[in-house]
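Everything on this sheet refers to the single structure shown next.
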Amino acid sequence: MRGLISLILCAIGASVVEGTRVQAANKHLSELGTLKAKSLPKFLTNNPLPSGYPWGDRTASNTNPKDAPSTGVTRHYDFTISRGELAPDGYLKKSGILINGQFPGPMIEANWGDFIEVKVTNNITGPEEGTSLHWHGMLQSGTPWYDGVPSVSQCPIAPGGSFTYRFQASVYGTSWYHSHYSAQAAGGLFGALVVYGPSHVSYDEDVGPILLADWFHKDYFNIVQNIMSTNQSLWANPSDNTLINGRMPYNCSLVKDGTPCGNASYSQFKFTTGKTYRLRLINSGAAGMEYFSIDGHQLTISAIDLVDIVPYNVTVVTLGVGQRTDVLFTPNSNGTAKAIWMRTLQSGKYCQRAANPEGRAIILLNGAPEGSIPTTTAWPPPVDDGTCKNEPLENSVPYYVETLPEPSVTYTIVINSIINATGHQQYTMNGYPFMADYNDPLLLLANEKNYSYPYNPEWNVINFDRNTSMRVVIWNNNTGPHPMHIHGHDMYVLYDGNEAWNGTIVNPQNPQRRDTHNLRPHGWMVMQYNADNPGVWPFHCHIAWHLSMGLYVNLMENPQEISQYEIPMVMKQTCDDWDQYSSTHVVEQIDSGV
Ligand code: C2O
């Protein structure tokens with residue numbers, strides 16, 4: 001039989017077989033970016049709706065977006081994680097990580113105030129790995145153990161095991177979820193998360209998520225091995241391509257090692273001139289900043305992360321890893337173009353980490369036929385001043401005003417990059433790189449009143465005790481940009497600059513709020529957040545490789561109250577299962593672990 005198969009293979013020629021393999025891998029691509037993708041509703045309608053909206057008479061202006069209604073509805077999802085072949089850009093990647101056989105993972109949808117319940121089954125094999133999913137931007141108030149960070153809120157889900165997350169969609173807007181176990185997300189383990197809520201802007205159609213992501217042909221684990229190696233020639237790991245909604249044809253003539261390549265297509269969208277579309281931009285990449293634009297058109301920014309913004313216009317939208325921006329787009333009928341390019345570009349000396357920095361997708365206007373290739377011209381990329389900065393803080397005015405309280409404490413964090421005694425590159429925050437202990441989650445220890453860790457400085461816990469509002473001044477003493485993300489909160493961003501902070505707050509009456517802010521190379525940022533959510537909350541750079549190298553701290557909030565939580569038994573069971581697994585298998589933790 002074997003001989004017969006190889007005979008047939010020889011007869012039909014290797015390239016056909018390889019082409020078939022790419023086609024088979026393409027079955028794993030989700031409908032996102034195809035003309036089959038559906039636009040999103042204003043809200044999910046299978047709620048009992050006595051009075052119109054599932055959130056009643058709450059509006060974007062009369063209610064704090066963190067003051068969620070209780071709808072009594074639970075949205076159930078069942079995720080099975082496994083490896084699979086993927087070729088989103090045509091290049092056959094043998095070890096992608098998929099959810100329900102799909103990349104990007106399925107979109108999660110809920111109405112504001114609903115509960116989201118996701119059963120996650122870890123079927124990763126060849127080799128096995130632990131896993132854990134984090135719901136980026138979800139506040140997890142009252143449920144910090146479902147935040148999905150191994151070593152902090154839970155033990156990893158052991159191979160073969162399942163774990164069910166359950167948390168409230170207590171804020172609304174555009175977000176995403178991703179693995180928080182090592183750099184698994186860079187292997188494809190992420191998807192969009194949309195919470196429907198009141199809108200402060202009007203539009204005709206919600207196009208849904210537009211995921212922008214750098215893409216790596218190597219397995220994520222090999223990249224982590226390179227980054228964590230003592231061989232400096234392996235430290236630069238530029239991405240191979242830039243995807244929009246999981247697609248972007250690769251130039252297969254660049255492939256020199258015989259890996260199958262071909263059959264890729266651009267993402268496509270069908271739009272009509274004069275109509276206004278809501279685009280939910282998400283940088284779901286591992287390392288690269290994205291500059292998003294649509295040729296010849298301005299875009300109106302209406303939300304950043306999960307915060308509605310007083311609308312303003314830009315030509316190019318800047319997104320660091322983990323950041324989201326909702327924009328409104330109205331195609332105009334100036335000119336004769338039937339098709340226009342949507343682009344996302346990685347650019348700038350310090351911000352760019354890409355071999356193929358430009359991702360493109362096709363907008364078909366007014367019924368232009370599928371396959372029309374645009375000839376439109378790009379906006380000039382932002383001037384490279386070396387800062388990799390976000391939009392100016394001045395411009396981002398939250399639509400719902402939240403007054404900045406006086407901080408009860410001001411704390412300074414310095415970020416350094418170092419080469420340690422064993423020759424490994426690491427990032428430190430206040431002197432230490434973070435190192436996870438998968439078997440001993442900090443939150444569960446704190447629940448047992450064990451909340452000081454002087455014996456393990458590499459757990460990087462800053463205990464803010466009973467402080468009510470924490471102001472954190474961060475100085476980045478190295479040449480990398482760091483999209484800094486806080487869990488369990490949004491943060492006021494008070495300052496962002498190249499110069500040391502002089503105490504001046506931008507828009508002090510109503511400072512910008514968001515959950516991820518891009519810290520400049522050799523720059524400063526000042527953020528503040530309120531102690532309204534007792535827990536142990538990660539604050540870290542969202543660049544996967546920097547996180548691997550330890551650029552991470554835990555902010556402990558109200559430890560006395562953490563010890564009062566009644567943590568579900570399943571958390572201990574998950575640790576027992578992990579202890580059992582890790583005592584009988586080698587867990588290859590070669591990086592920080594998160
Ligand atoms: Cu988007 Cu700590 O994560």
Side-chain angles (χ1 to χ4, degrees), residues 104-105 108 116 118 131-140 144-154 156 165 167 171 173-195 209 211-214 220 280-290 304-306 319-325 427 429 433-436 438 441-443 459-462 482-491 514-519 527 529 533 535-557 591-594:
I108 291 180
I116 294 172
V118 190
T131 195
S132 177
L133 294 187
H134 167 62
W135 322 94
H136 185 114
M138 295 292 106
L139 302 176
Q140 300 289 0
W145 43 86
Y146 290 140
D147 194 41
V149 183
S151 85
V152 179
S153 46
Q154 68 170 99
Y165 296 88
F167 54 91
V171 280
T174 303
S175 203
W176 64 307
Y177 62 86
H178 56 83
S179 170
H180 221 302
Y181 183 97
S182 185
Q184 264 173 2
L189 196 36
F190 62 81
L193 193 165
V194 173
V195 180
L211 294 155
L212 314 173
D214 48 14
Y220 94 84
R280 298 169 178 269
L281 312 177
I282 303 167
N283 183 339
S284 57
M289 287 195 63
E290 301 291 345
I304 52 172
D305 299 346
L306 292 165
L319 297 111
V321 175
Q323 294 187 311
R324 289 87 67 213
T325 305
Y427 279 101
M429 291 182 81
F434 174 72
M435 183 57 71
Y438 285 151
L442 296 166
L443 184 75
W459 289 355
N460 274 12
V461 180
I462 302 169
H482 302 301
M484 298 302 296
H485 169 52
I486 188 168
H487 287 220
H489 301 271
D490 56 21
M491 54 190 171
R514 68 187 311 172
D515 60 49
T516 310
H517 179 76
N518 209 52
L519 174 59
M527 66 89 155
Y529 69 104
N533 197 3
V536 182
W537 299 112
F539 178 57
H540 63 82
C541 171
H542 220 298
I543 291 179
W545 325 128
H546 294 180
L547 199 46
S548 285
M549 290 184 266
L551 212 174
Y552 174 109
V553 284
N554 291 292
L555 308 174
M556 182 171 298
E557 176 175 334
D591 66 352
S592 71
V594 291

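Atoms within each ligand, like the ligands themselves, are counted from 1 in listed order. As the structure is a prediction and not an experimental result, all values here were calculated from the model.
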Inset, instruction - Would you check if there is a donor-acceptor pair between the side chains of H487 and H540 at a distance under 3.5 Å? - result: yes

Legend entry - Pair H489-N533, side-chain donor/acceptor within less than 3.5 Å: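 Result is no, nothing qualifies.
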
Legend entry - For atom 1 (Cu) of ligand 1: the N/O/S atom of H178 at shortest distance: NE2

Legend entry - By salt bridge (charged side-chain N to carboxylate O under 4.0 Å, His left out) - contacts of D305 (at least two apart): R324, R514

Is a donor on one side and an acceptor on the other found under 3.5 Å between the side chain of [X] and the backbone of [Y]?
X: D147; Y: Q140; answer: no
X: S153; Y: Y146; answer: no
X: D515; Y: L306; answer: no

Legend entry - Atoms (protein N, O or S; no water) under 2.8 Å from atom 2 (Cu) of ligand 1: 3

